[in-house]
Each structure stands twice: as structure tokens, then as C-alpha cells.
Amino acid sequence: MKIFVIAHRPYKNNFASVPNIYTTLTVGVNNGNKSNPGALKDNTGLNISSKNQSYCELTGLYWIWKNYKDDVVGIDHYRRYFIKENNTKRKELLSEDDIKKYLKKYDILVPEKYFFLNNKTVGQQFCYSHDPLVWNSIREILKNKYPEYLYNFDKINYRNYEYLFNMLICRKELFDEYCEWLFSVLFLLEPTVDLSRYNDYNKRMFGFVAERLFNIWIKHRKIKVKELPVVFTDKGSVNNRIKNKLKKIFNAIK
């Protein structure tokens with residue numbers, strides 16, 4: 001079992017103890033990113049490290065998919081982590097035993113669902129914060145490549161919550177299955193997207209797209225999920241951080 005802490009710069013966390021299943025994976029190494037000494041790097045083996053500016057933590061997912069063989073794998077971030085659900089005040093990281101216990105009952109561990117402000121739907125929020133043309137392109141790709149997913153794209157489109165952050169913990173076999181599907185869609189989408197049209201925030205487009213695709217995949221595959229709390233190691237709760245980010249986007253558009 002290995003939980004990869006995705007990082008693009010040096011960091012410290014404030015946990016009293018860090019189980020040995022956690023390891024840092026530096027992403028965007030081909031673009032000059034550096035994190036903690038001794039960290040794994042996403043530019044070794046089969047990789048898409050150079051795509052990190054627009055793929056974000058997904059260059060880490062790709063690296064794990066292609067280069068790692070542990071039975072169970074997971075994704076945290078250098079400033080947000082899954083934590084034990086009954087001890088949120090103490091903010092304890094999941095242990096190997098915790099994860100094994102959950103995976104006896106569930107297929108995958110995901111962040112607690114986030115409900116969008118003003119009851120916006122997933123589709124509305126993506127079009128508002130990112131690009132409606134990209135959202136339409138995703139639907140067309142699914143229609144042509146994976147028509148069996150189209151029904152669940154439309155269901156997710158009108159849902160008012162989703163699982164964010166591209167964070168998950170599951171058996172490697174299921175992780176590989178997800179990555180194979182995810183990157184096949186993203187690599188078809190990528191040539192249709194002109195990143196030069198976007199500000200720095202939306203140049204991270206494929207990371208944002210993957211968050212939505214993750215939800216579509218879960219629903220279509222009828223994956224049994226266990227929701228867990230996520231804590232930020234810098235200031236603010238998850239909900240407050242997201243709300244503040246959306247407010248900044250809204251003010252920039254105004």
C-alpha cells in the first residue's frame with residue numbers, strides 16, 4: 001500500500017505522526033518543479049510530466065498508473081489530506097489498518113461531497129468557472145467514444161454536488177481501470193482546447209475536467225464509495241477555501 005502526497009514545491013505538514021505508507025511524489029519535474037528532498041519524481045519511467053501546467057496532479061496519477069505496482073494506492077496533496085472521520089479535531093491521517101478496513105466494505109475512498117453555492121449544478125458550475133465549450137466537447141467525446149457513459153454525463157450535469165480534488169484511495173486494479181478510461185478521454189479532449197485563451201487559473205483545465213470525469217465514472221460504474229473528511233494543512237476549512245475561490249472567480253468575471 002502506498003499513499004502518494006502530490007507536491008510541486010517544498011512543504012511541511014502539521015500531523016503528529018505520518019505512517020510509513022505515505023510518500024511524496026513531485027509533479028511537473030520536467031517543468032522545473034521541486035518539492036521535498038528524497039521525493040519520487042513524475043518524470044521517470046513512462047510519464048507526462050511536461051503536461052503538468054494543464055494536467056496538475058494528473059501527471060502524478062499517470063505516473064502511478066504506469067510505474068507503480070502496490071496492491072492499494074491513494075492520492076493526497078501537499079496541503080490537503082484524507083483524515084480519520086471520527087477524529088477531525090485531532091486531524092489524524094488514515095493508517096494502513098483504517099484503509100484496509102474501509103476497502104473490505106467499499107470500492108473506493110473519496111472526499112466528502114461538496115454542494116455548490118446557490119444550488120448550481122455540476123454543469124452550470126463548470127461552464128461558469130471554466131468554459132462551456134470544453135463542457136460540450138467532453139459530452140461529444142463521450143458520445144462518440146464511450147456512448148454508454150452519455151446517460152451518466154447528463155445525470156451528473158444536473159447534479160448539485162460532486163467529489164473534488166482528484167483524490168482517491170482504492171485497489172490498484174480499479175485505479176488502473178479508471179486511469180485508462182480517464183486519460184483516453186483527456187487525450188482526445190486536449191487537441192480541441194486552446195489553453196492560450198485562458199488565465200493562469202483556467203490553464204489548469206484538464207485537472208478541472210478530471211474532477212468531473214471522476215464523478216461520471218463512479219456513477220456509471222456504480223462504484224461503492226466511502227466518503228471521508230479532507231483537511232487543509234494551511235488556513236481554512238475545505239468549504240471555506242472553495243467558497244473563497246469561487247468568490248474570487250466571480251469578482252474577476254465582474
Side-chain angles (χ1 to χ4, degrees), residues 1-70 72-83 91-94 96 99 111 130 164-170 172 175-176 178-179 182-183 186-187 190 193 195-196 198-211 214 230-238 241-242 244-245 248-249:
M1 181 185 298
K2 192 68 67 180
I3 307 302
F4 295 88
V5 180
I6 304 294
H8 65 277
R9 63 185 185 187
Y11 72 95
K12 295 180 180 179
N13 64 51
N14 299 317
F15 297 104
S17 64
V18 179
N20 60 11
I21 59 172
Y22 291 81
T23 190
T24 301
L25 173 59
T26 310
V27 295
V29 176
N30 276 355
N31 299 338
N33 291 348
K34 298 178 181 179
S35 70
N36 293 2
L40 298 170
K41 298 179 180 180
D42 76 342
N43 70 337
T44 60
L46 295 172
N47 71 86
I48 55 170
S49 179
S50 298
K51 296 181 183 288
N52 181 256
Q53 183 180 17
S54 58
Y55 275 66
C56 310
E57 60 274 353
L58 301 182
T59 64
L61 266 74
Y62 187 94
W63 186 89
I64 298 164
W65 173 34
K66 293 295 187 180
N67 299 285
Y68 224 77
K69 303 298 182 185
D70 277 16
V72 175
V73 295
I75 302 293
D76 278 345
H77 296 274
Y78 73 98
R79 64 192 181 108
R80 53 181 173 248
Y81 300 79
F82 288 113
I83 57 172
K91 300 179 181 178
E92 291 182 278
L93 290 172
L94 299 176
E96 183 171 358
I99 294 168
H130 306 298
L164 294 171
F165 311 135
N166 291 316
M167 291 174 61
L168 67 156
I169 300 174
C170 63
K172 183 62 161 51
F175 182 91
D176 290 351
Y178 169 59
C179 286
L182 170 68
F183 287 104
L186 292 178
F187 291 161
E190 187 176 357
V193 178
L195 293 173
S196 68
Y198 303 130
N199 57 20
D200 288 344
Y201 176 72
N202 271 320
K203 281 185 169 63
R204 297 154 55 194
M205 183 60 71
F206 303 113
F208 297 131
V209 168
E211 287 180 306
F214 182 54
V230 171
V231 66
F232 280 83
T233 53
D234 52 8
K235 62 182 179 179
S237 67
V238 172
R241 291 295 300 265
I242 296 171
N244 290 336
K245 181 181 287 187
K248 288 179 181 178
I249 295 169

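Each residue takes its place number in the sequence, starting with 1. Everything numeric in this text was worked out from a predicted model, so none of it was measured.
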Check: Do Ile3 and Leu94 pass the side chain to side chain contact (heavy atoms under 4.5 Å, CB included) test, and can you show the C-alpha distance, the side-chain angles, and the key distance before you say yes or no?
Finding: CA-CA 10 Å; Ile3 307 302; Leu94 299 176; over 6 Å; no
Next item on the list: Find out whether Ser50 and Asn31 are in side-chain contact, i.e. whether some heavy atom of one side chain is under 4.5 Å from a heavy atom of the other.
Entry: yes
Next item on the list: Determine which pairs satisfy salt bridge (Lys or Arg N to Asp or Glu O under 4.0 Å) with at least one residue from residues 60-70, sequence neighbours left out, and list them in order.
Entry: none
Note to self: With rounding to the nearest 0.5 angstrom, report the OG1 to CZ distance, Thr23 to Phe4.
What the structure shows: 7.0 Å
Next item on the list: For residues Tyr55 and Tyr62, establish whether the separation of their ring centroids is below 6.0 Å.
Entry: no
Checklist line | Val5 side chain reached by Asn13 side chain, heavy atoms, under 4.5 Å | finding: no
Check: In Å and rounded to the nearest 0.5 Å, what is the CZ to CE distance from Arg80 to Met167?
Finding: 7.0 Å
Next item on the list: Looking only at non-hydrogen atoms, find the nearest pair between Ala210 and Leu182 and report the distance.
Entry: CB-CD1, 3.9 Å
Checklist line | Least distance between heavy atoms, Phe175 atom then Trp65 atom | finding: CE2-N, 3.7 Å
Next item on the list: Please state whether the rings of Tyr201 and Phe208 are parallel, tilted or perpendicular, taking 30° and 60° as the class boundaries.
Entry: tilted
Margin query: Other residues, nucleotides and ligands only: do more than 12 of their heavy atoms fall within 6.0 Å of CD on Glu211?
Written below: yes
Next item on the list: With the side chain counted from C-beta on, respond yes when Leu164 and Pro111 share a heavy-atom pair under 4.5 Å apart, and no when they do not.
Entry: no
Next item on the list: Determine, stepwise, if the pair Asn30 / Thr59 fulfils side chain to side chain contact (heavy atoms under 4.5 Å, CB included).
Entry: CA-CA 11 Å; Asn30 276 355; Thr59 64; over 6 Å; no
Check: Is the distance between the ring centroids of Tyr78 and His8 under 6.0 Å?
Finding: yes
Note to self: Return the OH to CG distance between Tyr68 and Leu40, rounded to the nearest 0.5 Å.
What the structure shows: 6.0 Å
Next item on the list: Apply side chain to side chain contact (heavy atoms under 4.5 Å, CB included) to the pair Ile99 and Ile21, showing each step before the final yes or no.
Entry: CA-CA 11 Å; Ile99 294 168; Ile21 59 172; 3.9 Å; yes
Checklist line | Separation between CG of Asp42 and NZ of Lys51, rounded to the nearest 0.5 Å | finding: 12.5 Å
Checklist line | Nearest atoms (heavy-atom pairs only) where Asn166 meets Ile75 | finding: O-CG2, 3.7 Å
Item checked: Non-hydrogen atoms of Met205 and Leu195 that approach each other most closely -> CB-CD2, 4.1 Å
Notebook entry, point to check: So which heavy atom on Arg79 is nearest to which on Asp234, and how close?
Noted result: NH1-OD2, 3.4 Å
Next item on the list: Report, as yes or no, whether the 6.0 Å neighbourhood of atom NZ on Lys41 holds more than 12 heavy atoms from other residues, nucleotides or ligands.
Entry: no
Notebook entry, point to check: What pair of heavy atoms forms the shortest contact from Ser35 to Ala7, and how long is it?
Noted result: CB-CB, 3.9 Å
Check: For Thr24 and Asn36, does a side-chain donor sit closer than 3.5 Å to a side-chain acceptor?
Finding: no
Margin query: Please determine whether side chain to side chain contact (heavy atoms under 4.5 Å, CB included) holds for the pair Asn33 and Arg9, giving the CA-CA distance in whole Å, both sets of side-chain angles, and the decisive distance to 0.1 Å.
Written below: CA-CA 6 Å; Asn33 291 348; Arg9 63 185 185 187; over 6 Å; no
Next item on the list: Apply the test ring-ring contact (aromatic ring centres under 6.0 Å, His included) to residues Tyr22 and Tyr81: give CA-CA distance (whole Å), side-chain angles for both, the deciding distance (0.1 Å), then the verdict.
Entry: CA-CA 11 Å; Tyr22 291 81; Tyr81 300 79; 7.2 Å; no
Note to self: With a 3.5 Å distance limit and no angle check, can you tell me whether Asn52 reaches the backbone of Val29 through a side-chain donor-acceptor pair?
What the structure shows: no
Check: In this structure, which one of Thr26, Thr44, Asn43, Asn47 forms a side chain to side chain donor-acceptor pair (under 3.5 Å) with Trp63?
Finding: Thr44
Check: Does the side chain of Tyr11 come under 3.5 Å of the side chain of Thr233 through a donor N or O and an acceptor N or O?
Finding: no
Check: What distance do Cys56 atom SG and Ile6 atom CD1 have between them, rounded to the nearest 0.5 Å?
Finding: 11.5 Å
Notebook entry, point to check: Between atom CZ of Phe214 and atom CZ of Phe165, what is the distance when rounded to the nearest 0.5 Å?
Noted result: 12.5 Å
